[in-house]
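Below is one structure, written out as structure tokens; comments come after it.
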Amino acid sequence: MGTTAAIPPEVAARLRGARSITALTGAGVSAESGIPTFRDALTGLWARYRPEELATPEAFARNPSLVWGWYRMRREVVARAVPNPAHRALASLEAQVPRFTLVTQNVDGLHRRAGSERVIELHGSLARARCSREGTVLELWDETESETPSCPACGALLRPDVVWFGEPLPGEALRAAEIAARNCDLFLSIGTSNLVEPAASLPWRAVAAGAEVIVINVEMDGQRAGSGIYHLVGRAGELLPALIEAAWPAR
Ligand code: BJW
């Protein structure tokens with residue numbers, strides 16, 4: 001594979017030698033599937049909004065129809081997208097490494113579509129809606145462009161089953177992610193700006209417990225540096241398969 005040369009041998013050796021690996025992914029892992037990241041500017045009709053202003057309970061309370069429109073547009077983008085080599089590489093790691101935990105901040109479902117079976121979803125899923133009154137979760141609901149969807153049982157407004165700013169993360173998922181961070185010897189942080197808590201603290205929980213970290217990102221601005229933290233700068237869809245190939249060269 002052409003990109004194997006980009007992987008420093010000591011980084012490949014970290015992956016090869018790890019007994020327990022936890023990987024945290026962010027929007028950058030789906031960028032090569034054509035799904036814009038959160039820090040990318042929105043385009044077209046949505047250009048005058050910032051994602052940070054739409055992913056809040058306040059935005060939904062102010063204008064549920066606007067927020068539903070944004071999620072509808074994103075579901076359409078995801079429906080057209082296919083998993084990329086980074087998703088597939090992570091699915092292959094799950095199959096290869098006995099103690100491997102995949103934690104994602106993404107709501108697009110592409111890790112499962114790539115074949116990952118155990119995925120901890122910290123920020124919910126675009127594929128679900130939830131009753132804003134009773135919390136009932138739905139995988140199918142009626143939705144038109146002109147009307148905001150409502151709960152078939154009680155008539156209250158439905159909302160996307162995702163975690164907005166200021167809301168707690170699903171407790172069980174967060175606990176499982178924290179345990180996996182504390183108990184790995186190698187932590188992979190892939191395609192995330194590492195700005196949004198509590199996910200952003202997971203790599204540092206791992207470091208505090210003695211793990212090493214490999215950061216894969218197209219840019220390193222804002223990423224922590226230090227001893228035991230290795231940076232691979234580039235696209236996850238190229239670097240992850242190259243890293244695996246460098247760690248376990250095809251025989
Ligand atoms: C590539 C690439 C390629 C591109 N290859 N790389 C402690 C300190 C300070 C603040 C807080 C704190 N604790 C809580 C907060 C507040 C807040 C927060 O963190 N704010 C910060 C912005 C300062 N956190 C919260 O509010 C969280 N809730 C909470 O903590 O609740 C506590 C509570 C307890 C009890 C009761 C009540 C409350 C909730 C956070 C929810 C985040 N939700 C969103 C929306 C999800 C739904 C949706 O998708 O619509 O999650 S926001 C958005 O950010 C989304 C993402 O999952 C998340 C992270 O973004 P991510 O994935 O890192 O994407 P980007 O776009 O930022 O970065 C992409 C990266 O990829 C970049 O680095 C690129 O360079 C890179 N890249 N192409 C490799 N090909």
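As the structure is a prediction and not an experimental result, all values here were calculated from the model. In listed order, ligands and their atoms are each counted from 1. FYI, the numbering just counts along the sequence from 1.
Atom 70 (C) of ligand 1 has its closest protein heavy atom at G191 O, 3.4 Å. For atom 43 (N) of ligand 1, the closest non-hydrogen atom on the protein side is V163 O, 2.8 Å. Ranking the protein heavy atoms by distance from atom 40 (C) of ligand 1 puts V196 CG1, 3.6 Å first. The single protein non-hydrogen atom nearest to atom 8 (C) of ligand 1 is E197 CG, 3.7 Å, given as residue, atom name and distance. If you check which protein heavy atom lies closest to atom 21 (C) of ligand 1, you get L195 O, 3.5 Å. Atom 1 (C) of ligand 1 has as its closest protein heavy atom G28 CA, 3.5 Å. The protein heavy-atom contact nearest to atom 5 (N) of ligand 1 is A236 N, 2.9 Å. Residue, atom and distance of the protein heavy atom nearest to atom 29 (C) of ligand 1 are E167 O, 3.3 Å.
Near R235, meaning under 4.0 Å from one of its heavy atoms, ligand 1 places the atoms 5 (N), 80 (N). Distances below 4.0 Å separate heavy atoms of P198 from the following atoms of ligand 1: 30 (O). Of all atoms in ligand 1, numbered sequentially from 1 with element shown, those under 4.0 Å from a heavy atom of E32 are 3 (C), 5 (N), 80 (N). Applying the 4.0 Å criterion to heavy atoms of G234 picks out, from ligand 1, the atoms 5 (N), 79 (C). Contact atoms of ligand 1 toward G26: 62 (O) (distance under 4.0 Å to a heavy atom of the residue). Atom numbering of ligand 1 starts at 1 in the shown order; those under 4.0 Å from a heavy atom of A27 are 61 (P), 62 (O), 64 (O).
For atom 68 (O) of ligand 1, the nearest non-hydrogen atom from the set S125, G222, S193, G237 comes from S193. Of the listed options N106, V29, L174, N217, N217 places a heavy atom closest to atom 74 (C) of ligand 1.
Note on ligand 1: L169 sits in its first shell, one or more heavy atoms being nearer than 4.0 Å.
In this structure a side-chain-to-backbone donor-acceptor pair under 3.5 Å is present from S132 to L157. Using modelled atom types, no side-chain atom of E32 and backbone atom of P85 make a donor-acceptor pair closer than 3.5 Å.
In E134, the CD atom is crowded: over 12 heavy atoms of neighbouring residues, nucleotides or ligands sit closer than 6.0 Å. Counting heavy-atom neighbours within 6.0 Å of E10 CD, excluding the residue itself, gives a total above 12.
At a threshold of 4.0 Å, the pair E143-R75 counts as salt-bridged, since one of the basic side-chain nitrogens sits closer than that to a carboxylate oxygen. Contact check on E145 versus R72 returns no salt bridge, with no Lys/Arg side-chain nitrogen under 4.0 Å from an Asp/Glu carboxylate oxygen.
Looking at A31 against ligand 1, only its side chain comes within 4.0 Å, counting heavy atoms. With a heavy-atom cut-off of 4.0 Å, V162 touches ligand 1 through its side chain alone. Contacts with ligand 1 closer than 4.0 Å are made by heavy atoms of both the backbone and the side chain of Q105. Counting heavy atoms closer than 4.0 Å to ligand 1, residue W164 contributes backbone atoms (N, CA, C, O) but none from C-beta onward. Residue E52 does not touch ligand 1, judged by heavy-atom distances below 4.0 Å. Of all the heavy atoms of V107, the ones lying under 4.0 Å from any atom of ligand 1 belong exclusively to the side chain.
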Using a 3.5 Å cut-off and no angle test, enumerate the donor-acceptor pairs between side-chain atoms of residues 120-127 and protein atoms at least two apart in sequence or in another chain.
residue : atom : partner : partner atom : Å
H123    : ND1  : Q105    : O            : 3.4
S125    : OG   : A127    : N            : 3.0

* Asked: So W70 and Y49, ring-ring contact (aromatic ring centres under 6.0 Å, His included) or not? Walk me through it.
  -> CA-CA 10 Å; W70 182 52; Y49 301 101; 9.1 Å; no

* **Step-by-step side-chain contact (heavy atoms from CB on, under 4.5 Å) determination, V29 to L110** => CA-CA 10 Å; V29 97; L110 286 182; over 6 Å; no

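The shortest side-chain heavy-atom distance between I190 and L90 falls under the 4.5 Å cut-off. Using a 4.5 Å heavy-atom threshold, the side chains of R39 and E52 count as touching. Inter-residue side-chain proximity for V196 and F165 is flagged as met; some heavy-atom pair is nearer than 4.5 Å. Using a 4.5 Å heavy-atom cutoff, the side chains of I179 and T101 are not in contact.
Any N or O atom pair closer than 3.5 Å counts here, and Y71 shares at least one such pair with ligand 1.
A search for side-chain hydrogen bond (donor to acceptor under 3.5 Å, both in side chains) contacts involving S201 returns E197, not counting sequence neighbours.
Protein heavy atoms are found inside the 4.0 Å sphere centred on atom 48 (C) of ligand 1.
Classified by interplanar angle (parallel below 30°, tilted 30° to 60°, perpendicular above 60°), the ring pair W164/F60 is tilted.
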